[in-house]
Amino acid sequence: MLISRVPMPSAAWPGPPQVGALREDGTVDPARAEGIPDELAVALYEQMVLSRETDAHLVALQRQGRITHHASAAGEEAAIVGAAAGVRDEDWMFLASREFAAALWRGMPLGALVHHALGTARGPGRGRDTYAPPFWKPARVVSASPLSATQIPHAAGVAWSARARREDVAALVFFGEGATSSADFHAGLNFAGVTRAPLIAVCRNNGWATSLPSDRQTASDGFAVKAVAYGVRAVRVDGGDVIAVLAVVREARARAAAGEGCTLIEAVVPPRPDSGDVSSSPADPIARMRRHLEGRGLWSDDRDARLRDEVHADVRRAIAEADAEPSSPTPDFTDDVYASLPWHLREQRQAMAPRDPAAGG
Amino acid sequence: MLISRVPMPSAAWPGPPQVGALREDGTVDPARAEGIPDELAVALYEQMVLSRETDAHLVALQRQGRITHHASAAGEEAAIVGAAAGVRDEDWMFLASREFAAALWRGMPLGALVHHALGTARGPGRGRDTYAPPFWKPARVVSASPLSATQIPHAAGVAWSARARREDVAALVFFGEGATSSADFHAGLNFAGVTRAPLIAVCRNNGWATSLPSDRQTASDGFAVKAVAYGVRAVRVDGGDVIAVLAVVREARARAAAGEGCTLIEAVVPPRPDSGDVSSSPADPIARMRRHLEGRGLWSDDRDARLRDEVHADVRRAIAEADAEPSSPTPDFTDDVYASLPWHLREQRQAMAPRDPAAGG
Amino acid sequence: MVQAINDALAHEMRRDDRVVVLGEDVGRVGGVFRVTQGLWEEFGDERVVDTPLSEGGIVGAAIGMALYGLVPIPEIQFADFIYPAFDQIVSELAKLRWRSGGEYPAKVVIRAPVGGGIRGGLYHSQSPEALFIHVAGLKVVCPSSPYDAKGLLLASIRDPDPVLFFEPKRIYRAAKGEVPDGEYTLPLGVAAVVRPGRHVTVIAWGAMLYEAIAAADQASQSGVECEVIDLRTLWPVDIETIVASVKKTGRVIVVHEAPKTCGFGAELVALVNEKAFFCLEAPPARVCGFDTPFPYALEMEYLPLARRILPAIIETAGI
Amino acid sequence: MVQAINDALAHEMRRDDRVVVLGEDVGRVGGVFRVTQGLWEEFGDERVVDTPLSEGGIVGAAIGMALYGLVPIPEIQFADFIYPAFDQIVSELAKLRWRSGGEYPAKVVIRAPVGGGIRGGLYHSQSPEALFIHVAGLKVVCPSSPYDAKGLLLASIRDPDPVLFFEPKRIYRAAKGEVPDGEYTLPLGVAAVVRPGRHVTVIAWGAMLYEAIAAADQASQSGVECEVIDLRTLWPVDIETIVASVKKTGRVIVVHEAPKTCGFGAELVALVNEKAFFCLEAPPARVCGFDTPFPYALEMEYLPLARRILPAIIETAGI
Ligand SMILES: Cc1ncc(C[n+]2csc(CCOP(=O)(O)OP(=O)(O)O)c2C)c(N)n1
Ligand SMILES: Cc1ncc(C[n+]2csc(CCOP(=O)(O)OP(=O)(O)O)c2C)c(N)n1
Ligand SMILES: [Mg+2]
Ligand SMILES: [Mg+2]
């Protein structure tokens, strides 16, 4: 080598430190967070329990072959519910595959989710697709296609629009750590960066993209650090700590309101215990929040049992109702391709009319 | 805000400092580089002059409407020639639009370039396309399509293959700073990062992507820093300093050989003077290298005049030769779509045979 | 045509402040072909947005803008560069209304120059319309004159569905014609019979329309009177006009620049078969681009110019 | 069929150490449908590569590998997920040989499961073959049986051109049949007449072949004898076999899952028009997917099953 000693900066750029709030004993680190009012604390917990219970039922339906696919959120409830609770009612929410609980938090009825999962005509997607959680327009909840990350530029576009219109509205978008490798993550974050769009991008790092461990998804130190490439703020948070997630999302929302643009939040989901059963682990986000509620005198075994009974009954009722619905709706799938039916779809629809009882054929 | 004081890491991640070697007075910073042998120094200079002269002629041909498009490298010669000289003969080179001089450095004859630009049948692309510099297989030079950044994953694939095959071969890929916003930059760098592929990615940051200034291309602090997102090494170098560019590319090549994987190098090209004429600026990379050669006693006005005359004559001769070539080659564009002619292309070729004098029609 | 499209954009942006133009270099410089010139000066940075180099990002962000309630009109610099946005167009834009049960339509008009004839070579000459016609949920428009361009673009912007608006760059400046200042729309899905005739129906659009007309004029010297149809909207196509003409002529030729195989010509031939088979007196013919990439040096060999259309007319006419 | 494809991959990887498999989850877990199961154990990390989640990166890197001299076989988990790689396939892979004047062909075989019938819904059921047939430079293959799958995959790997190898997931496990252990190839571009007949030609491929055969069997009860052709290679298509059959029957039906408009059926109808128009006794018919996205709950309404093919046969037969 003729030339040497040109200093070569190191490849090791550490990601940001991980933020947490809830401590082992259930108290909240006062240096980290001032606490949250009782009702909110309880609501967060209840919502996480509802998510877990719904999951269990949908996974069972999948095992029975009644639904093709369900992406479970078990173990990731804190990241999902905490983030949903961290934004404001007027904000938009873009979901990936696992975030049905965020939509429930925003008021989507459980029934809508179950109808959707079972593909009935009464689900928000009218039986057309069931993969991701459904759309829920009343609360500005937008569902994603299963193509990982496609929703990120959509969210960036919404956030950019709000900023251009001088409206204090933000967009919250969820995705898995695997999705960060995709084209749309890159484009979405970069667009949000240059437009200083009020985008809150929550990357659930659960350690795996199907079979690929997160350290083979990328060689960076975690995923928050990717924010550097877009000049946006990077936060890594304990994704098993619903209070910390809520806190960092609120902070990101406040910064968005202040015109400071986008934040990329990596919510590090605690690894699954070897048993596979999240509930059995002390790191279970639900167990951790329960300890907190108990420490605050807001919770008891009794109340917990009641909650679980209620939730169980709610989910079962929703499933029973959806079950009563004919699983094959009228063949309306030629609708909504366009705003009105063009000639070729009218012909195609007519050709199948004999199978359509409504058409009297 | 209920929760506050969750520390939010800053969005300002500074990029790496800019590396330089050549000083104003033409000497080389000894702390930065030990110098290069006389022949190499002269060859770098000569190659940059050839590039500038070729550019001038191709731009003139474009103005005359003789060729549709030529992407000039004026002012960027140091980044291009320095990088080409920094890798080894066995390495692959993937060019973007402006890097014909890198192919010339590797031994592609000037005539091949000019035939290609004029779209003659004798050009390496046989008149099929002329946008980017031509392919030059004898030296493993691969041209890119005009779709920005598509060559980056190709280069990553080559580099990965070499590593998997345990062959000490690297891939050098060029692109503009605008290309970093594309899907393929993201995928290519990430693949190189996770596979620790011996990829040397040189981003020429010339400040503009057509009309978009680089600070509206992205909100990051420059482009080298994007390496952080891929866990690869980041280097920012003075792209007007051919010795510094050579040095950092060599260093990256050595690291690749040592199994340390990919380096992203941002070569910051000096801004164009207001006059638009790069040669008139003291920051002109060619002028800077000339001062260096003069300081080393390797160069004189006389030698410079001789070089420029020679180069001028070479370029004019190449153009005259290509001009003598019929501009419309035989209609062979049905060849090479597939390895051999399938039935439908045989039919289509026959249908146009009457216009083909070779077919005697 | 450049001016007419610029007119339409300016008109609509004045009328409706939700309309936003975005893309690479659309702002200060007014686009590669200067179609958006002057808009940035009039409407500013937030309605005429220069974006980073990412077609996927452009279309993806436009979808978000549309969800928010804006009416984004992204420009792709060349239709050849639309492929990085293909997933967003095909998987997202085309399907949002349907997937959401009608709740979240995303109204976006994607403008892109298409076609050859400006010595653009392989990657600045393609005509990818068939790829989008195959995808349910998109409308595809391609004007052939300044007047049509303005009227069709205004209609496209106001149409509730996503539209791909392909602008034939060969006639960006060549095609002339009066363009009224004010407001008018041409309905989508309605073709124009630009030359009546009774022997052979010739279907074309965009820049190739002029080649079809030229060939028809030459054929008429041999006594063959062609009816030339300018589709204007490629999909949903005006099947009635086509069928009415073919019922009259019994003979049909489709002309397009895109490669022949699986091009839109195939669909038109198949539709004519379905709707008017028993009227056909000769095999429907296609005069198209070759099944090769688009060659730089030989673009005039590649394009289905009048000199290639004419023999097809004569042969189809069976004289 | 899963086993046959796995066999072919393992065979070729043993025979030729340049062959590399890459994609999402192809390694330790052996792919979504377990097609690559066992390969990672046998050939290790560097020949069976689990990649990050980026189809564009997968195909782009495969192109680089091919340039280097390897023979990469990327897997796209579902053909529905091929669109993020569309630009790399269409703009790069398909054009490299041509652009480089034959110097830099990139030999890549892209494997992807296609089609409906496993309740996959909108984004796990699509059949995008027509999009790739329209693009010059690609070959497109779709087997219908385990035997064919192995022979065609081996031929695809050894063919000098890039191949899209679409695997009909509905018959991944359903289709049975003897598969020889050793080596054999089935030539690309050669169709199979799987059921001889003289009244109507029915062209199909992949999973719909079985529906075509079932419909043909039913039709024969009404005295209509269909000739059923399994295309096997979609492009370049075996035009001779098709034309020979249509010349005999004078009637033709194309069956495919993809949306009808601008699907491959249109091209086949147009080709039959060009090559055998004067033999046609009835309008060529298409029985296809609807021009809508692929519906989850109603996939059996959407697919061109035997119950939709049969009436078309009867009508085309004109009895
Ligand atoms: C574009 C695309 N390619 C492939 C897939 C198949 N796929 C479904 S889930 C998944 C892994 C996603 O991992 P991650 O983003 O971490 O989300 P997680 O499932 O862990 O929540 C993959 C590859 C997909 N959905 N989209
Ligand atoms: C995918 C794609 N979109 C758009 C273009 C049109 N285009 C040509 S050059 C250019 C700017 C490129 O800027 P940069 O990458 O900085 O390279 P430079 O020209 O400055 O060397 C653009 C947008 C393209 N070539 N490819
Ligand atoms: Mg994950
Ligand atoms: Mg630049």
So for [X], is it side chain, backbone, both, or neither that comes closer than 4.5 Å to the heavy atoms of chain B?
| X | result |
| --- | --- |
| D/E92 | side chain |
| D/D17 | both |
| D/K275 | side chain |
| D/K95 | neither |
| D/L67 | both |

Under 4.5 Å from any heavy atom of chain D, what part of [X] do you find: side chain, backbone, both or neither?
| X | value |
| --- | --- |
| B/W136 | backbone |
| B/D129 | neither |
| B/A155 | neither |
| B/A144 | backbone |
| B/T195 | neither |
| B/P342 | side chain |

Taking the six-membered ring for Trp and the single ring otherwise, decide whether the centroids of [X] and [Y] are under 6.0 Å apart.
| X | Y | answer |
| --- | --- | --- |
| B/F100 | B/H116 | no |
| D/F132 | D/W235 | no |
| D/F78 | D/Y123 | no |

Distance-only donor-acceptor check, side chains [X] and [Y], under 3.5 Å:
| X | Y | result |
| --- | --- | --- |
| D/H256 | D/E129 | no |
| B/H115 | B/E325 | no |
| B/S182 | B/S148 | no |
| B/T334 | B/R349 | yes |

Okay, side chain of [X], backbone of [Y]: is any donor-acceptor separation there less than 3.5 Å?
| X | Y | value |
| --- | --- | --- |
| D/T185 | D/A155 | no |
| D/D50 | D/G27 | yes |
| D/R47 | D/V20 | no |

Contact winner vs chain D - [options], heavy-atom pairs under 4.5 Å:
| options | value |
| --- | --- |
| B/A162, B/A197, B/A187 | B/A162 |
| B/F94, B/W92, B/W343, B/W160 | B/W343 |
| B/N190, B/V169, B/D336 | B/D336 |
| B/L345, B/V337, B/D184, B/D335 | B/V337 |
| B/A156, B/A171, B/S145 | B/S145 |

Looking at [options], which one has more heavy-atom pairs under 4.5 Å with chain B than the rest?
| options | value |
| --- | --- |
| D/D87, D/L96, D/D159 | D/D87 |
| D/I239, D/I63, D/L22 | D/I239 |
| D/R99, D/E240, D/K139, D/E103 | D/R99 |

Exercise. D/V49 versus D/V21: any side-chain heavy-atom pair under 4.5 Å?
Worked result: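 No, their side chains stay 4.5 Å or more apart.
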For this session: Applying ring pair (Phe, Tyr, Trp, His ring centres under 6.0 Å), run through D/F264 and D/W205 and close with a yes or a no.
Result: CA-CA 11 Å; D/F264 187 40; D/W205 58 87; 5.6 Å; yes
